[in-house]
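Worksheet: one structure, shown below.
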Number of protein chains: 2
Amino acid sequence: MKRRATIKDVAERAGVSKAAVSYVLNDIRKVSAETKARVLQAASELDYQPDFTARSLTKRTSNMIGVILPLVDASIANVMQENTYYNEMISAIEKVARENGFDVLLTGLARPEEYRNWVQKRRLDGLLFLGLFPASIYAEMRSMEVPAVLIDTYEEHTGKYPSVNINDEKGGFLAAEHLLSLGHENIAFLTTGLENPVEVHRYKGFTRAFQERGMTVPSPETAETTHRLESGWMIGKKLAGSSRTAIVCTSDITAFGVIRALYEAGVRVPEDVSVTGFDDIHISRYTTPSLTTVRQHIMQKGTAAAEKLIETMKGHPAAGETFDVKLVIRESTAPPKQ
Amino acid sequence: MKRRATIKDVAERAGVSKAAVSYVLNDIRKVSAETKARVLQAASELDYQPDFTARSLTKRTSNMIGVILPLVDASIANVMQENTYYNEMISAIEKVARENGFDVLLTGLARPEEYRNWVQKRRLDGLLFLGLFPASIYAEMRSMEVPAVLIDTYEEHTGKYPSVNINDEKGGFLAAEHLLSLGHENIAFLTTGLENPVEVHRYKGFTRAFQERGMTVPSPETAETTHRLESGWMIGKKLAGSSRTAIVCTSDITAFGVIRALYEAGVRVPEDVSVTGFDDIHISRYTTPSLTTVRQHIMQKGTAAAEKLIETMKGHPAAGETFDVKLVIRESTAPPKQ
DNA sequence: TTGTATGCGTTATCAG
DNA sequence: CTGATAACGCATACAA
């Protein structure tokens, strides 16, 4: 590779000191118009671009933000593999970062020690947490002074970091209320685990809908893994023979699994059983039946998270934000059979 | 943030020189057992971890690999948003990278100049190209000496870089042959554009199936954008009134769009029209009808690409590789109506 | 075997 | 206002 021009080359060509070049290019100090012109001229002739590595060393910043996903069985695949939710999030983050001159470092992290080390040795300027992590990681976080924004995380886990969320409680409520108003009474709530506050809030909203009608609240059905098609499929298989007439899922992905299992068992959706999803990923509009689901604006959330992080990094601490959700009624729900 | 221990701190604590510490930690030269022990002891006590930024400066390597996606309308979203193909690819790459001590820098790139600059100022050790880029980028590449592996790219575009592919021609053939053997004659081939060699090869395979039977080859239907649900949907809408009895799609995503459009037009799949996909992403097994498709092992491809890149970076240039594909017959295909 | 000195490309400090 | 010069943290050629 042809050696890249350094600041020294520019300085020599312009007949000034390295410092002068730096001043001009960073517009950090008054420089005589003539020097300035010479420097710019030389820089342009040599196609000079500052080296981020060297710059990082003195500035103690890397111009990189870290995007962290939880590791399940040593891979991020188990979390993100099947769900285009992450595609939208990452696309949004990458765009905001790139447009602000930052690069995105993507990694899966499991143990808190790794995390700390990773951040420090890379001199990351900011962090974005995608999803729920072991509580110990949040403890570790507090001891570092790196700006961070949490996504889909609730206060009890955060401490001092802004969090970007959606109104999960309302989402759960909307799904339940929709089914109740259709006339369903025996409704299952399918969660991937109530250790996750996101799931808890959705379940809370679900229960509120019942309570407001003075009905008893069904206990939740718990899938054994993360949001996966197969988790939904297994629960659907189990529920196919039950007396449930409707199933509320906490992701579109699991809803698809459920619907397929029901179909294989000869149970029709929505004629026999209604199913709702959560997220409204793109494909949900295209399946048959298309999915009645709780829509969240994923890219908006990702964009907001990245923007807040960058604001915070610039020294303007941003507040968290909770986005609204709305119910999108499609074909997977209908009144119960008589 | 509590100041991080540097090599100097370790040296002082161990009562040796900085150089000695470096030697021990990098195992670069023989060091007396005693010194070694003292250094390791001190390093461990101080929880010393070398700073990658500083290390990069002298070693001229960053321990980062860049994963590059093409930019469409200033965002990578338009390419990756709806397709879990990318989730699998990225998961696989991240895992291999992480396990080999590398971090993944993810970015969207459009103009060749940006690309060159990005690689140089970040001192990237290796590059992974996901998908097809403007030809000018390949030209720019040749002038740099950075190891790279191309994914889903054909020779004519590469030059000296190994490429990881699948047997696209065979995939196209399998899909067509399957439908022909079912008795279909009027089969549409839906491509997102024959500028992309991947699509060209699939179409070639498709045509071969016809030629081997001495049948005339249908001309392709071209969607106007990238692999998107909506691209498929629009073509499906157009094809709903046609005499085609089967449609071969070059991605599962577009196939879903097609199927939905047909459904909305009252055309049943597979009773009225058969549809095949390509990729076999996870959801294809769970939709109704489940999708007959050409399976490629996406994670295997991603893993291989990352491993080849790392091998090349270590000085053992790896060869490209073409993975096999196979037909997975599910519910979206059936013999034509009598 | 170990320590010293220098370079990597920038930015920050401090004289002039 | 400008320009040497010293960090920044690490690796390495060279000297001891």
Side-chain angles (χ1 to χ4, degrees), chain A residues 1-40 42-43 46-64 101 117 119-125, chain B residues 1-40 42-43 46-64 101 117 119-125:
Chain A
M1 170 162 44
K2 211 167 33 192
R3 204 175 63 79
R4 191 179 161 79
T6 72
I7 198 171
K8 189 178 165 198
D9 301 323
V10 178
E12 284 172 1
R13 187 180 190 97
V16 298
S17 72
K18 292 189 296 178
V21 176
S22 178
Y23 298 146
V24 171
L25 265 34
N26 296 303
D27 207 22
I28 199 80
R29 206 154 56 162
K30 283 277 183 217
V31 176
S32 74
E34 194 212 324
T35 318
K36 183 169 179 177
R38 284 227 309 279
V39 168
L40 290 175
L46 294 166
D47 190 27
Y48 169 73
Q49 298 288 146
D51 181 312
F52 275 48
T53 302
R55 172 180 282 178
S56 296
L57 200 56
T58 55
K59 300 235 300 186
R60 338 182 75 35
T61 101
S62 61
N63 256 269
M64 296 193 293
N117 190 241
V119 172
Q120 293 192 334
K121 74 183 180 192
R122 287 291 184 199
R123 302 196 174 197
L124 263 21
D125 295 340
Chain B
M1 169 161 46
K2 209 165 36 190
R3 202 176 63 80
R4 188 179 165 78
T6 71
I7 198 172
K8 191 179 164 197
D9 300 323
V10 177
E12 286 172 359
R13 187 179 189 99
V16 298
S17 73
K18 292 189 294 179
V21 176
S22 180
Y23 296 148
V24 172
L25 267 32
N26 295 304
D27 207 22
I28 197 80
R29 214 164 19 169
K30 284 279 181 224
V31 176
S32 75
E34 193 212 324
T35 316
K36 183 169 180 177
R38 284 228 306 280
V39 168
L40 290 175
L46 293 168
D47 190 28
Y48 170 73
Q49 298 287 148
D51 182 311
F52 275 47
T53 303
R55 172 179 282 179
S56 296
L57 203 53
T58 57
K59 301 234 300 185
R60 336 182 78 38
T61 92
S62 60
N63 258 267
M64 297 193 293
N117 190 241
V119 171
Q120 293 191 334
K121 74 183 180 193
R122 286 292 183 198
R123 302 194 172 201
L124 263 20
D125 297 339

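Side chains are part of it too, since the values below use all heavy atoms of this structure and drop only hydrogens, waters and symmetry mates. Labels below follow one simple rule: chain letters A, B, ... track the order of the sequence lines, proteins then strands, and each chain is numbered from 1.
Distance from the side chain of B:Ser22 is smallest to D:dT12 among C:dT10, D:dT12, C:dT11.
Sparse packing is recorded around NZ of B:Lys36, with 12 or fewer heavy atoms of other residues, nucleotides or ligands lying under 6.0 Å away.
Regarding contacts with the backbone of D:dG9, a side-chain N or O of A:Arg60 is found under 4.0 angstrom from either OP1 or OP2. Residue A:Thr58 places no side-chain N or O under 4.0 Å from the OP1 or OP2 atom of D:dC8.
Within the 4.0 angstrom heavy-atom criterion, only backbone atoms of the sugar-phosphate kind lie near B:Ser32; the bases stay farther away. Here B:Val16 lies in heavy-atom contact (under 4.0 Å) with sugar-phosphate atoms only. B:Ala20 comes within 4.0 angstrom of the backbone, heavy atoms only, and of no base. Across all strands, B:Phe52 comes closer than 4.0 Å to no nucleic acid atom at all (heavy-atom distances). At the heavy-atom level, A:Thr53 lies nowhere under 4.0 Å from the strands shown.
Taking 3.5 Å as the limit, the base of C:dG3 and the side chain of B:Tyr23 contain a donor-acceptor pair of atoms between them.
Distance, A:Glu12 CD to C:dT10 P: 13 Å, rounded to whole Å. One interatomic measurement links the two molecules: CZ of A:Arg123 to C1' of D:dC8, which rounds to 7 Å at whole-angstrom precision. A:Arg55 has its CZ atom 10 Å from the P atom of C:dA12, to the nearest Å. One interatomic measurement links the two molecules: CD of A:Glu34 to P of D:dT2, which rounds to 10 Å at whole-angstrom precision. As rounded to whole Å, 10 Å separates atom C1' of C:dT6 from atom NZ of B:Lys18. Here the C1' atom of nucleotide C:dG9 and the NZ atom of B:Lys121 are 15 Å apart, to the nearest Å. Rounded to an integer number of Å, the gap from NZ of B:Lys8 to P of C:dA5 is 14 Å. Straight-line distance from the CD1 atom of A:Ile7 to the C1' atom of D:dA6: 15 Å, rounded to whole Å.
Formation of a donor-acceptor pair under 3.5 Å by the B:Ser56 side chain with backbone atoms of B:Thr61 is found in this model.
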For side-chain contact (heavy atoms from CB on, under 4.5 Å), just list the numbers for B:Ser22 and B:Ile7, CA-CA rounded to whole Å, side-chain angles, deciding distance to a tenth of an Å, and then say yes or no. CA-CA 8 Å; B:Ser22 180; B:Ile7 198 172; 3.9 Å; yes
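If A:Asn26 and B:Ala19 are placed on DNA chain C by their nearest nucleotide, the residue sitting closer to the 5' end is B:Ala19. Looking at which nucleotide of DNA chain C each of A:Leu57 and B:Ser17 is closest to, the 5′-most match is held by B:Ser17.
Put simply, the side chain of A:Val39 reaches to within 4.5 Å of the side chain of A:Leu25, judged on heavy atoms. In this structure, the side chains of A:Lys121 and B:Asn63 stay at 4.5 Å or more apart for every pair of heavy atoms.
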